[in-house]
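Read the structure below first, then the notes.
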Amino acid sequence: MSVILILIIASIVVACVFLGAFFWAVKSGQYDDTYSPSVRMLFEDKKPGKPSKGPKNDQ
Amino acid sequence: MSEIASPEIGAKTQCHHCGDSCKSGVITVEEKDFCCHGCKTVYEILSEHQLDGYYELEKSPGLSRKGDDHTQYDFLENETIRKGLLEFASAQYEKVTFTIPAIHCSSCIWLLENLERLHEGVIDAKVDFTNKKASVHYQPELLSLRQLAELLHRIGYAPQISLDEDQGPRQKKSYDHKLITKIGIAGFCFGNVMLLSFPDYLGLTGIEQTYQNFFRYLNALLAVPVVFYAGADYFVSAFKGLRQRYANIDVPIALGVSVLFLRSTYEVFAGIGPGYFDSLVGLIFFLLIGKWFQNKTYGSLSFDRDYKSYFPLAILKEVEGSMKPTPVAELHKGDEVAIRNNEIIPADAILTDEEASIDYSFITGESEPVIQKRGDYIYAGGRLNGAMKHMVVQKEVSQSYLTRLWNDEAFQKEEQGTSMVDRLSKYFTIVIISIAVLSAIIWQFVNPDKTWLVFTAVLIVACPCALALVTPFTTGNIMRVFGRNKFYLKNAAAVEKFSEIDTLVFDKTGTITRTDNRSLEFVGDDLSSAEQRLVQSAVAGSTHPLSRLVYEHIDETDAMIEPDLFHEVAGKGIEAVVFGTALRLGSASFVGSQQKQDPTESRVYVKIGEQQRGYYRIQSAYREGIEDCVHALSGEYKLAVLSGDNASEELALRSFFPLGALMAFEQNPEDKLQMIRKMQRDGRSVVMLGDGLNDAGALKQSDIGIAVTDDIGTFSPASDAILEAGELSRLDDLLRLGKSSKRVIRASFVLSFLYNFVGISLAVAGVFTPLMAAILMPLSSVSIVIFTTISVRFLAKKFKL
């Protein structure tokens, strides 16, 4: 019987972790510009003629 | 100009860079067509650096480079300004974020993020598309801030630099973050509360008591952050409204929310019932989504520019014998400044050079430049034509003529809560409270136990959540349709005003006519290249505006020939002998032509030797489609024209304006404002369409001020809306859609009152249950959203927008 109580508390705790992740995403500016990342990922990776400085910040 | 093909072909050709049709001739390079040299140059720069990919991502991604202004960026070398702009600065590395209004498509992102291929000094660039910004990291040793700005300008992405802007967006950002966080919390709690309320919905709780109480307590706990954090704004707004003795729509909302929370908490902790936590949390969630939608449609356009944004940021000022760029705000009386060609004079000043040609079209609307002599007083806002001139500042920027005009009370006008919702909410609150009290009194006699239940139930169910969503969603949807048609509304309240409009007032220069003002063509026997050169040499010495136009029209690059004899008769024309050939240029009578002067256009007749060769026809170029637009509008609205220009074009305008249209000429900004005021006193609702600063007062005074602009994102005075000039011909459809918005709002009100009526009836009858609340309240909100969205779409389709 009490297993349901534990499950519910656990599920809320897990949900809270995701809520925290959401706060972090908002704070780090991931909702500021929702258009350019979607376009940017389609561009060719790195441009010729310039030494590559490692992958760009597009993850 | 050997690249120019014939204009007939041009009419059908689209520019490879900007997609405009090439009306005034095509320039062809590498089998690609361009409408102007600006576009061609951008293409050449890009292809030289293997950045052709710009043209592959989207078709004709560039913006037209015609009528490009020659912005100077030397002020970026001023330390104060530089420091104000840079986000990070060290010897090897600097970072700056520019606002670039031209960013509009994926090609823009691609090009700007590949900026390092254009210049080795750029390390990295990143575009924020939503806010039209680009952050650039660069090495100051290789590339100065000024060079960076010039580089961007050259490829068509001129940064818009303003110093006070810095604080604005950051505040907006933190506000956006806060709202999204609130929606996140409300959504999270909404989901969980709904889940935990299911046993109550299904009537399962009777079986297992332990769970019931646990679930209910948990619900109460989850509701706390929603009410006190996510919904806090409604309490604050309601409180502010009440303190001003004004019941805004947030008052009944705050009332409903607090009653919901208190009663639910009481029920749960007293063990009476499940409470209404699910409805409460859902309500706040929906309201916040409405708010977010509203913010989103207001978009990234910044409208409210004051006079400062019209002025250059810095001006060349004499400091210890040399000219140094100095921020405009640091100008004082007595400073000697140098103004360059096309620069705007930032403060009232006295000319110290011999003569200067000042274009006041910006403030007075008069399109012909004024010749000022040494010692003349020059007002701020004039634009200098021609070589650099020196002047001495007479007043600080903040005290000049323009600034005073800007401070006219029309600009101070506070936006009052005149929207329908605000007017209704006053009565709404009173009616709701009376119903609640009345039913409580009645139940006191019928069944005293139920008095409090009924009283609170009425307040809960009457909470005007749906009502609060009507306006943001209707106006939001309409603004989106407008935005698709390049008509950008700043003021959401303006949507509701469209239905009252009965008068349209047009400014002439820049609104009805194009800003690149005049078209000039030669009528008569074509002049040979050598003859054109003679004419050009003859007019070179004249400062008359028409002479200047002819001079600019003739595209000869060879050096001028100094006329052997030059004589200008004021108001008539020029008599000159160039290279042994006698020339006469000017009015028909002066040249001795038999032709009659046409009042709708200016003509410069040309006589070479003894031969009449014809004339240059100079016409204000009307915007395309303006005649159809005026015809379409004349049935429904009273039309008027207010112009700062002289009356020379009245006849031409009358030819397509309806009979009896009011036309007033030589109106200064103050006159225009007063004229609008007078119309409003006569009980009319006025839309003003204007462009420059000279219309700013009238735009602000009118019920809806629409700024007509060729380039959204650059110059536009404070106004309720911005319309891209190309869409002016669609104005009738746009206004019709605006007008019908009121019907949508009314219908939505009826719908939401219907829900309220059902709910209140149930509440008064004393049979309102939490389950009903859980169904009725979200249902009303969602159906309002769907109804407004669909009906606006339907209307837009009907008007083909």
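The chains referred to below are lettered A, B, ... by the order of the sequence lines, with proteins before strands, and numbering in each begins at 1.
Interface residue B/Leu196: only side-chain heavy atoms are found under 4.5 Å from chain A.
Ranked by non-hydrogen atom pairs under 4.5 Å with chain B, the options A/Phe18, A/Tyr31, A/Phe23 are led by A/Phe23. Between chain B and the options A/Cys16, A/Gly29, A/Pro37, heavy-atom pairs under 4.5 Å are most frequent for A/Cys16.
A donor-acceptor pair is defined here as one N or O able to donate and one able to accept, closer than 3.5 Å; no such pair exists between the side chain of A/Ser2 and the backbone of A/Leu5.
A salt bridge is absent between B/Lys126 and B/Glu113; no separation between the charged side-chain nitrogens and carboxylate oxygens falls under 4.0 Å.
No close placement of the B/Phe188 and A/Phe22 rings is indicated, their centers lying 6.0 Å or farther apart.
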message: Applying ring-ring contact (aromatic ring centres under 6.0 Å, His included) to B/Phe269 and B/Tyr217, what does each step give before you reach the verdict?
response: CA-CA 8 Å; B/Phe269 286 92; B/Tyr217 291 148; 5.1 Å; yes

